[in-house]
Amino acid sequence: MTTVELKDVVKTFSSPKGKIIAVNNLSFQAKEGEVLGILGPNGAGKTTTLRMIATIYKPDRGTIRVEGIDVLENPLDVRKRIAYMPQEPDLIPFLSVEEHITYYLRFRGFSKKEAEKRCEEALRSFNLEKHRSKKPFQLSTGLKRRVQLASILSAEVPVIFLDEPTTGLDPMSKRNTWELIKDKIEDSGATILLTSHDLYEVEYLADRVIIINNGRLIAEGTPRDLRKRFGKSVKVVFEDPLIFDALREELMDVDGIKGIFQVSENAVEIKLDSLDRSINNLVRILASKELKIKDILTTAANFEDVYLEIIGNSGGDI
Ligand SMILES: Nc1ncnc2c1ncn2[C@@H]1O[C@H](COP(=O)(O)OP(=O)(O)OP(=O)(O)O)[C@@H](O)[C@H]1O
Ligand SMILES: [Mg+2]
């Protein structure tokens, strides 16, 4: 079932320099229970998109539905179903950790007793018991993030937005946060929209990814699909040293070959459009040469290479 649905959504802002099109005809869906990663460079429109789904901003055009409910027609009903962890930690300065979680739950409509009970559970399962009386200024960034996650999760809402949940965390806290997201939030069956600049994080957590640039959708798929579709390369190792320039000259014009680089005196790496199609062309040409091939290795590009290639192809600045 589709939980979040955007159709032809446009959002513009006015600025002293003129109109900014932050989101430009964006359409995508998130299915129930999936973690959807939203990637894109700074200013791509990720936060604006989340804010529109969360009813903080109104779209100029297009439709947004959460569990079938239109954000413009019924914003209050949408709000009941979502929890939003903003890009900047938003803890209230004078509330302690336990007060924050309890107040958050009260604000979400739980009775005092239920809020307190849920808060105790959250303090326990998020390992926050010894920090319960601390105020935000006494907490590290990682702990602040954990308090936000604990609050959001305790409310048991079906749709959760995590806007760069691990930015600014050290590698250890990052991993802890990933495990919390994996164990506790995924288990809750909630649909999660996750933005991040950490490609490893997205690949680890997201079931599916959309990539946005200049407010537009430029790619969509599972991290695995995207890796398969983009950034393929083949390493060819020859028996003998080769004359690189001559080989490059011949291969550069071949359909599907995007680049060729020498990696050692007898090996080259060749970037291809599509592994299935282009590898045949490549093998055919190499076979017609005098060169003796020792080995052909296909190397999967890492997800970051793939991301950079997709953004690069879309004509965006990085
Ligand atoms: N309230 C606002 N008023 C004016 N312009 C805005 C506002 N919010 C966002 N923008 C502009 O809209 C564009 C998209 O911004 P947005 O914050 O959605 O990007 P982002 O993808 O979340 O970037 P980042 O990765 O840096 O968080 C940017 O050009 C930004 O300057
Ligand atoms: Mg943002």
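Whatever order the structure lists them in is the order used to number ligands and atoms, beginning at 1.
Put simply, the side chain of Glu239 does not reach to within 4.5 Å of the side chain of Ile293, judged on heavy atoms. For the pair Glu5/Ile64, no side-chain contact is recorded, criterion being any heavy-atom separation below 4.5 Å from C-beta on. Contact of the Thr47 side chain with the Leu50 side chain is not registered, since no non-hydrogen atoms from C-beta on lie closer than 4.5 Å. Leu36 has its side chain out of reach of Thr191: every pair of non-hydrogen atoms, C-beta onward, lies at least 4.5 Å apart.
Asn42 lies apart from the Mg ion (ligand 2) in this respect, since none of its N, O or S atoms is found at a distance under 2.8 Å. Inclusion of Gln87 in the first shell of the Mg ion (ligand 2) is supported: an N, O or S atom falls under 2.8 Å.
Scanning all protein heavy atoms for the shortest distance to atom 14 (C) of ligand 1 gives Gly43 O, 3.3 Å. With hydrogens left out, the protein atom closest to atom 1 (N) of ligand 1 is Tyr57 OH, 3.2 Å, a heavy atom. For atom 9 (C) of ligand 1, the closest heavy atom belonging to the protein is Phe13 CE1, 3.5 Å. Scanning the protein for heavy atoms near atom 15 (O) of ligand 1, the closest one is Thr48 OG1, 3.7 Å. Among all non-hydrogen protein atoms, the one lying nearest atom 17 (O) of ligand 1 is Thr47 CB, 3.8 Å. Annotation: atom 27 (O) of ligand 1 to nearest protein heavy atom, Gln87 NE2, 2.8 Å. With respect to atom 26 (O) of ligand 1, the closest heavy atom belonging to the protein is Asn42 ND2, 2.9 Å. The protein heavy-atom contact nearest to atom 12 (O) of ligand 1 is Ala22 CB, 3.3 Å.
Hydrophobic clustering places Leu217 together with Val9 (ILVMFWY residues linked when any side-chain heavy atoms are closer than 4.5 Å, directly or through intermediates). In the hydrophobic clustering of ILVMFWY residues, with side-chain heavy atoms under 4.5 Å counting as a link, Val4 and Ile82 come out together.
Within ligand 1, counting atoms from 1 as listed, the ones closer than 4.0 Å to a heavy atom of Ala44 are 19 (O), 20 (P), 21 (O).
Ligand 1 lies out of reach of Lys11, whose nearest heavy atom is not under 4.0 Å from it. Note on ligand 1: Ser15 sits outside its first shell, no heavy atom being nearer than 4.0 Å. Using a non-hydrogen distance threshold of 4.0 Å, Arg51 does not register as a contact of ligand 1.
At under 3.5 Å, a nitrogen or oxygen of His197, whether backbone or side chain, sits near a nitrogen or oxygen of ligand 1.
In this structure, atom 30 (C) of ligand 1 has no protein heavy-atom contact shorter than 4.0 Å.
Within the 3.5 Å criterion, the main-chain N or O of Glu99 finds a donor-acceptor partner in the side chain of Ser96. The main-chain N or O of Val237 is never found under 3.5 Å from a side-chain atom of Asn266 such that the two would form a donor-acceptor pair. With hydrogens and angles ignored, the 3.5 Å screen pairs no side-chain donor or acceptor of Lys271 with any backbone N or O of Ile260.
Ring pair Phe107/Tyr104 is tilted by interplanar angle, where 30° to 60° counts as tilted.
With a 4.0 Å heavy-atom cut-off, ligand 1 is reached by the side chain of Ile20 but not by its N, CA, C or O.
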Take Phe13 and Tyr57, measure what ring pair (Phe, Tyr, Trp, His ring centres under 6.0 Å) needs, and give me the verdict at the end.
-> CA-CA 11 Å; Phe13 294 109; Tyr57 292 155; 5.4 Å; yes
